[in-house]
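The chain is numbered in sequence order, starting from 1.
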Amino acid sequence: EYGSIDGNLDDYTKAPGWYGDSHAFAKGMIVLSPWSAKATLTTPFIDLTNNGGQVQVKLNMASYFLGKYATDSVTVYLVNGEDVAVDSVQQVLTEGFSEYTINLKNGTNLSAVRVSYNGVNKIFIEDMKVIQVVPAGYELEELIETLPARDTHLDVTVTEPMSDVVSYAY
């Protein structure tokens, strides 16, 4: 750890829009490292109106301080496009890494999930998933890559093969 960092995390993530306050990096994990202030990790803003705005967040994390794991707690918020919390849950952390499931409600067409911590320990986040049930037939569009056209062809390599549920357009 080389001190606390604030700012946009686009250089470290696959999806743009992640943001951290008072964070650090350690072996592929992001660390909430408050240094006597509040530390946060915020996802990109996305549409979370499906399923009546109900959202599930899965976090694999641990609290660590002075060479050992510790019990602690973080607060997980669902914020709207105006950065106002519309729901929150305080999650108690046991010693060591564990996966925690947090259920939030009131998702909007522009929502983000924020993990917040203001204790004396360091919170190591190994994995974070935002999950929402969508109706049958729902189509998800995701920009994979933007490339300049060269001559009369475009070469793109994709990792997910085409199927009845996966298609590609250009």
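- Other members of the hydrophobic cluster containing Leu66, listed by chain and number, are Phe65; membership follows side-chain contacts under 4.5 Å among ILVMFWY residues, whether direct or relayed.
- Side chains of Trp18 and Thr43 form a contact here, defined as non-hydrogen atoms less than 4.5 Å apart.
- Applying side-chain hydrogen bond (donor to acceptor under 3.5 Å, both in side chains) to Arg114 and the options Asp21, Thr42, Thr40 leaves one that passes, Thr42.
- Rounded to the nearest 0.5 Å, atoms OG1 (Thr101) and CD (Glu99) are 5.5 Å apart.
- Side chains of Asn80 and Thr108: no donor on one and acceptor on the other come within 3.5 Å.
- No single ILVMFWY cluster, assembled from side-chain heavy atoms under 4.5 Å apart, contains both Tyr19 and Leu59.
- A side-chain donor-acceptor contact under 3.5 Å links Gln132 to the backbone of Gln54.
- Contact check for His23 versus Leu9: side-chain heavy atoms found under the 4.5 Å cut-off.
- Grouping the Ile, Leu, Val, Met, Phe, Trp and Tyr side chains by contacts below 4.5 angstrom, directly or via other members, places Tyr77 apart from Val74.
- Note that the CG atom of Asp127 and the CE atom of Met29 stand 11.5 Å from one another [nearest 0.5 Å].
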Quick one: side chains of residues 86-98, donor-acceptor pairs under 3.5 Å with protein atoms, not counting sequence neighbours, listed by atom name and distance.
from: Asp87; atom 1: OD2; to: Lys105; atom 2: N; distance (Å): 2.8
from: Gln90; atom 1: NE2; to: Ser73; atom 2: OG; distance (Å): 3.0
from: Thr94; atom 1: OG1; to: Tyr100; atom 2: OH; distance (Å): 3.2

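- Counting only heavy atoms from C-beta outward, the side chains of Asp83 and Phe45 approach each other to under 4.5 Å.
- Closest approach of Pro44 to Pro16, counting heavy atoms only: CG-O, 3.2 Å.
- One hydrophobic cluster holds both Ile125 and Phe25 under the rule that ILVMFWY side chains link at heavy-atom gaps under 4.5 Å.
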Exercise. Do Met128 and Ile30 pass the side-chain contact (heavy atoms from CB on, under 4.5 Å) test, and can you show the C-alpha distance, the side-chain angles, and the key distance before you say yes or no?
Worked result: CA-CA 10 Å; Met128 180 176 183; Ile30 191 158; over 6 Å; no
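- By the criterion of side-chain heavy atoms lying less than 4.5 angstrom apart, applied directly or through intervening Ile, Leu, Val, Met, Phe, Trp or Tyr residues, Leu78 is grouped together with Val57 in one hydrophobic cluster.
- Under the rule for a salt bridge (Lys or Arg N to Asp or Glu O under 4.0 Å), Asp47 has no partner lying at least two apart in sequence or in another chain.
- Ser22 and Ala39 make their closest contact through O-CB, 3.2 Å (heavy atoms, listed as atom of the first residue, atom of the second, distance).
- Hydrophobic cluster membership is shared by Val31 and Tyr64, with clusters built from Ile, Leu, Val, Met, Phe, Trp and Tyr side chains linked at under 4.5 angstrom.
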Problem set entry | Audit row: Ile131, Val55, side-chain contact (heavy atoms from CB on, under 4.5 Å) steps and yes/no | CA-CA 6 Å; Ile131 302 164; Val55 179; over 6 Å; no
